[in-house]
Participant: 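Here it is: the structure, laid out below.
Here the structure is a predicted model, which is why all the values come from computation and not from measurement. Residue numbers start from 1 in every chain, and the chains themselves are labelled A, B, ... in the order their sequence lines are given, proteins ahead of strands.
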Amino acid sequence: MVAGGCRPPRGYGLIIAEKPKAAAKIAEALGGRYARRCTAYGVPYWVLRVDGRLFVVAPAAGHLYGLYTDERGFPVFTYRWVPLDVAEGAKHARKFLALLATLCRDASIYINACDYDVEGSVIGYMIIRNLGDVRRAYRMKFSALTPTDIRRAFRRLEPLDWPMIEAGLARHELDWLWGINVSRALMEAVKLVTGKKVVLSAGRVQSPTLVEAAKREARRRLHVPYPRFNVQVWLAGREGRLKLTIASREKLIEAKRIADRVAARGYAFVSSVAGRREYVKPPPAFNLSDLQMEAARLYGYSPAFTQEIAEQLYLDGLISYPRTNSQKLPHTLDFRGILEGLASIPAYTQLVKRLLLETRGVLRPVQGPKEDPAHPAIHPTGAVPRRKLNRAEERIYDLIVRRFLAAFSKPAVVERVTATLDFGVVRVNVSGTRVLEEGWYVYYPFSRPKDDIPRVSRGERLRVERVVVETVYTEPPEAYTKAKLVRWMEEVGIGTEATRARIVETLFDRGYLRLSGGYVTVTDLGFAVAEVLEKFFPKLTSVAMTREFERLLEDIRRGIRRRAEVVEEAKRVLSLLLEDYKKRAMRDAGLMLAKSLRLVEAERPCVICGRESVDGRLCRFHLEALEALKRGFVEWRRRLGGIGWEEYLERVASLRETGMWVRDVAKYLLETGLAP
DNA sequence: GCAAGGTC
Ligand SMILES: [Zn+2]
């Protein structure tokens with residue numbers, strides 16, 4: 001350890017922060033200029049005096065302990081807390097543990113100053129339990145890492161928050177029990193059937209996500225496009241030409257009737273042109289998933305990549321903590337200081353100047369609805385980059401800065417112009433927008449709409465130059481991107497800001513998902529795991545399990561239930577499920593999984609794809625596709641007013657919109673000439 | 001080797 005003031009004499013108070021950045025803020029808030037920054041084991045800590053008493057502020061780095069077992073096989077119900085380098089091989093944890101072990105030895109009291117949430121309670125508690133003494137421990141409770149909040153929390157130290165700790169411990173145990181046991185159940189099943197070791201996994205968050213992706217993928221592959229008939233017209237007016245779809249009908253005959261009458265009339269009359277002003281409020285500052293969505297939309301970045309970049313910017317001191325759900329910028333932040341800092345970055349000098357003029361120095365940001373227990377929305381710190389940012393860093397930083405600036409700006413004024421065109425048989429509204437006042441678009445141009453108002457005037461006669469009936473086809477549901485999958489997880493409330501992108505990547509690492517042209521597709525293994533889980537462990541495939549856990553944890557926090565009873569109940573439920581599975585279902589599950597991996601031959605292969613068939617001819621996917629094709633034929637005949645089976649198959653087989661399994665079956669039927 | 005949760 002460093003000499004002098006960095007080795008305080010026995011009897012100091014040890015304040016444990018969740019991370020180095022938080023430790024620095026706490027030290028500064030409590031010790032001001034007199035906080036001495038020291039380093040040991042490559043980890044910073046601070047020594048300071050408050051009212052003459054000596055304190056040391058030292059950081060953890062998130063969880064430094066995790067659950068671990070050395071038992072093999074399943075069911076496995078015994079586990080213990082061990083240092084994270086043992087539990088997960090997390091080498092970086094070692095130096096933090098080493099420092100905390102050293103500092104805990106001579107401390108007289110221990111103060112858990114980790115983020116005030118269940119995980120923070122567990123992080124601090126495990127350190128104090130293993131390296132210090134819980135009988136001399138306290139909790140600091142603050143909802144933001146601002147000097148005021150920190151000082152207030154320090155003056156009002158509370159005893160250890162046992163209900164919160166117990167809830168956090170229960171969360172870890174429940175996830176471990178379900179996750180480890182069901183993962184092993186999957187792997188053992190494959191091993192039983194093939195003798196091979198394949199890494200498979202399941203869990204409260206990853207499994208509902210996999211099932212969601214599989215459902216979407218199946219709907220896409222089973223999509224039978226239906227025809228629609230659009231009446232398109234080319235018009236000529238005083239201000240130029242325009243092309244419009246003026247009607248869309250399911251039945252060809254109806255669309256044709258409209259087209260004929262429009263052509264016969266030869267003109268359209270502009271019966272009205274109306275403009276309506278809309279005030280578009282600036283969006284709030286980013287939370288992590290908003291940032292991930294924008295980076296995906298604008299630059300095609302995956303959520304995990306965006307997060308990695310944001311974390312680096314945070315570590316470099318350029319932006320605030322990125323793993324936040326908050327869309328709020330609390331007034332305790334030093335807005336003016338941040339803006340002054342940004343003004344010294346050439347790219348933002350003019351924008352900041354403009355913003356200060358526009359707001360006349362009254363800095364009141366829009367606040368979004370989403371909240372976070374520990375961190376505000378992502379914002380720049382105002383620090384000037386001390387190195388050249390790479391392209392991705394520059395883009396992400398730019399998005400964050402601009403979104404922050406926009407939050408203080410005025411609404412944009414957009415005019416929506418709607419023209420009503422009268423074709424005799426139909427009246428059509430054509431609308432478009434134009435920006436009248438740029439407002440916040442000046443700072444955040446990425447959401448600015450294009451000017452596209454219809455160029456026609458009231459009372460004008462537009463000449464119909466051409467009329468065509470165009471056949472279009474219904475589109476399959478949209479494929480997920482990684483960012484959309486992360487957003488789905490957020491919407492249904494599973495995972496956290498810190499874990500969602502990582503868990504999506506886990507599904508890829510397991511071979512459940514693949515990327516194709518930037519879109520998520522589900523592999524045969526992914527479908528098989530989803531099917532096995534839904535059949536044998538349906539609870540784990542539903543987001544309802546997270547809701548149930550939340551209720552249980554809340555009960556523990558309120559003292560209505562005890563951790564031990566909640567954990568015992570989970571073990572009981574799992575024990576029944578797993579014993580039953582082992583006896584009756586494991587071979588079936590193993591076969592389903594092994595066949596999807598092509599480790600086992602199908603007994604009666606699907607004539608199209610070789611997967612196991614249901615009826616000796618088609619697999620479950622192609623059988624479903626055949627059913628969809630038959631239903632589609634009825635609909636196509638209704639819409640077209642008559643079409644033969646073979647022509648129908650030919651058209652469906654050739655359409656871009658057709659789902660893969662449907663196309664397979666259509667082609668197969670055409671080749672073999674088999675009747676449906 | 002397997003979860004989900006922290007953070008580096
Ligand atoms: Zn098949």
Participant: Output the single nucleotide from B:dA3, B:dT7, B:dG6 whose closest atom is nearest the side chain of A:Ile123.
Facilitator: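 From the listed options, B:dG6 comes nearest.
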
Participant: Give the ring-plane orientation class for A:Phe55 versus A:Phe154, where under 30° counts as parallel, over 60° as perpendicular and anything between as tilted.
Facilitator: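 Answer is perpendicular, since the angle exceeds 60°.
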
Participant: Think A:Lys21 forms a cation-pi with A:Tyr314, using NZ or CZ under 6.0 Å from the six-ring centre and within 45 degrees of its axis?
Facilitator: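 Output yes; distance and angle both within limits.
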
Participant: Report the nucleotide, chosen from B:dC2, B:dT7, B:dG6, that has the shortest atom-to-atom distance to any side-chain atom of A:Leu84.
Facilitator: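 Between B:dC2, B:dT7, B:dG6, the one nearest the side chain of A:Leu84 would be B:dG6.
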
Participant: What is the distance, rounded to the nearest whole Å, between atom CG of A:Leu553 and atom P of B:dG5?
Facilitator: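 Atom-to-atom, A:Leu553 to B:dG5, this comes out as 11 Å.
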
Participant: Whole angstroms only, please: what is the OH-P distance between A:Tyr79 and B:dG5?
Facilitator: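 It works out to 17 Å between those atoms.
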
Participant: What ring-ring contact (aromatic ring centres under 6.0 Å, His included) pairs are there with at least one residue in residues 564-590 of chain A, not counting sequence neighbours?
Facilitator: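 Found A:Phe536-A:Tyr581, A:Phe537-A:Tyr581.
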
Participant: Can you tell me if the side-chain N/O atoms of A:Arg510 get under 4.0 Å from OP1 or OP2 in B:dC2?
Facilitator: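 Yes.
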
Participant: Within this structure, what is the CD-to-C1' distance between A:Glu119 and B:dA3, rounded to whole angstrom?
Facilitator: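 About 12 Å, once rounded to whole Å.
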
Participant: Atom CZ of A:Arg500 and atom P of B:dT7: how far apart are they, to the nearest Å?
Facilitator: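 Whole-Å distance recorded here is 14 Å.
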
Participant: Could you tell me whether A:Glu311 contacts a base, only the sugar-phosphate backbone, or nothing, with contacts defined as non-hydrogen atoms closer than 4.0 Å?
Facilitator: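 Nothing, no heavy atom under 4.0 Å.
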
Participant: Can A:Ser596 and A:Phe527 be said to form a side-chain contact (heavy atoms from CB on, under 4.5 Å), step by step?
Facilitator: CA-CA 8 Å; A:Ser596 79; A:Phe527 278 115; over 6 Å; no

Participant: Does any N or O donor sit under 3.5 Å from an N or O acceptor when you compare the side chain of A:Arg323 with the base of B:dG5?
Facilitator: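 Not at all, since no donor on one side and acceptor on the other fall under 3.5 Å apart.
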
Participant: Give the rounded distance in Å between these two atoms: CZ of A:Phe537 and C1' of B:dA3.
Facilitator: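 Between C1' of B:dA3 and CZ of A:Phe537: 15 Å.
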
Participant: Give A:Ala202 one of three labels, base, sugar-phosphate or nothing, depending on what nucleic acid heavy atoms sit under 4.0 Å from its own.
Facilitator: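 Sugar-phosphate contact only - A:Ala202 comes under 4.0 Å of backbone atoms but never of a base.
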
Participant: Are more than 12 heavy atoms from other residues, nucleotides or ligands located less than 6.0 Å from atom CZ of A:Arg598?
Facilitator: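 Yes.
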
Participant: May I ask you to check if A:Arg216 and A:Tyr480 form a cation-pi contact, with NZ or CZ under 6.0 angstrom from the six-membered ring centre and within 45° of the axis?
Facilitator: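 Judged by the rule, A:Arg216 and A:Tyr480 form a cation-pi pair.
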
Participant: Go through B:dG5, B:dC2, B:dA3 for me and flag the one nearest to the A:Gln206 side chain.
Facilitator: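 Looking only at side-chain atoms, A:Gln206 lies closest to B:dA3.
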
Participant: Should A:Thr499 be listed as having a side-chain N or O under 4.0 Å from OP1 or OP2 of B:dA4?
Facilitator: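 For B:dA4, neither OP1 nor OP2 has a side-chain N or O of A:Thr499 closer than 4.0 Å.
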
Participant: Decide if atom CD of A:Glu28 counts as having more than 12 heavy atoms of other residues, nucleotides or ligands within a radius under 6.0 Å.
Facilitator: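 Counting other residues, nucleotides and ligands, CD of A:Glu28 stays at 12 neighbours or fewer.
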
Participant: Any base atoms under 4.0 Å from A:Gly495, or only sugar-phosphate, or nothing? Heavy atoms, all strands.
Facilitator: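 Sugar-phosphate, backbone atoms only, no base.
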
Participant: Can you find a donor-acceptor N/O pair under 3.5 angstrom joining the side chain of A:Glu88 to the base of B:dG5?
Facilitator: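 Such a pair exists between side chain and base.
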
Participant: Roughly how many Å is it from CH2 in A:Trp81 to P in B:dG6, rounded to a whole number?
Facilitator: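 Taking atom P of B:dG6 as the reference, CH2 of A:Trp81 is at 12 Å.
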
Participant: Rounded to whole angstroms, how far apart are CZ on A:Phe549 and C1' on B:dG5?
Facilitator: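 Nearest whole value for this atom pair: 13 Å.
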
Participant: Rounded off to whole Å, could you give me the CE-to-P distance for the A:Met545 and B:dA4 pair?
Facilitator: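 Value for this atom pair: 11 Å.
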
Participant: NA contact type, A:Gly62, heavy-atom cut-off 4.0 Å: base, sugar-phosphate, or nothing?
Facilitator: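 The residue A:Gly62 makes base contact.
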
Participant: Closest nucleotide of DNA chain B for A:Glu71 versus for A:Lys21: which of these residues is on the 5' side?
Facilitator: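 Checking each residue's closest nucleotide, the 5'-ward one belongs to A:Glu71.
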
Participant: Taking DNA chain B as the partner, which of residues 161-195 of chain A come within under 4.0 angstrom of it by heavy atom?
Facilitator: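 When residues 161-195 of chain A is checked for heavy atoms under 4.0 Å from DNA chain B, the hits, listed by number, are A:Arg171, A:His172, A:Asp175, A:Trp176, A:Gly179, A:Ile180, A:Ser183, A:Arg184, A:Met187.
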
Participant: What's the closest nucleotide to the side chain of A:Val205 if the choices are B:dT7, B:dA3, B:dA4?
Facilitator: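 Selected nucleotide: B:dA4.
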
Participant: Taking only the side-chain nitrogens and oxygens of A:Tyr321, find out if one of them lies under 4.0 Å from OP1 or OP2 of B:dT7.
Facilitator: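 True: A:Tyr321 side-chain N/O within range (under 4.0 Å) of B:dT7 OP1/OP2.
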
Participant: Just list the side-chain donor-acceptor pairs under 3.5 Å for residues 566-573 of chain A, sequence neighbours left out, or say none.
Facilitator:
| from | atom 1 | to | atom 2 | distance (Å) |
| --- | --- | --- | --- | --- |
| A:Glu569 | OE1 | A:Arg572 | NE | 3.1 |
| A:Glu569 | OE2 | A:Arg572 | NH2 | 3.0 |
| A:Lys571 | NZ | A:Phe77 | O | 3.4 |

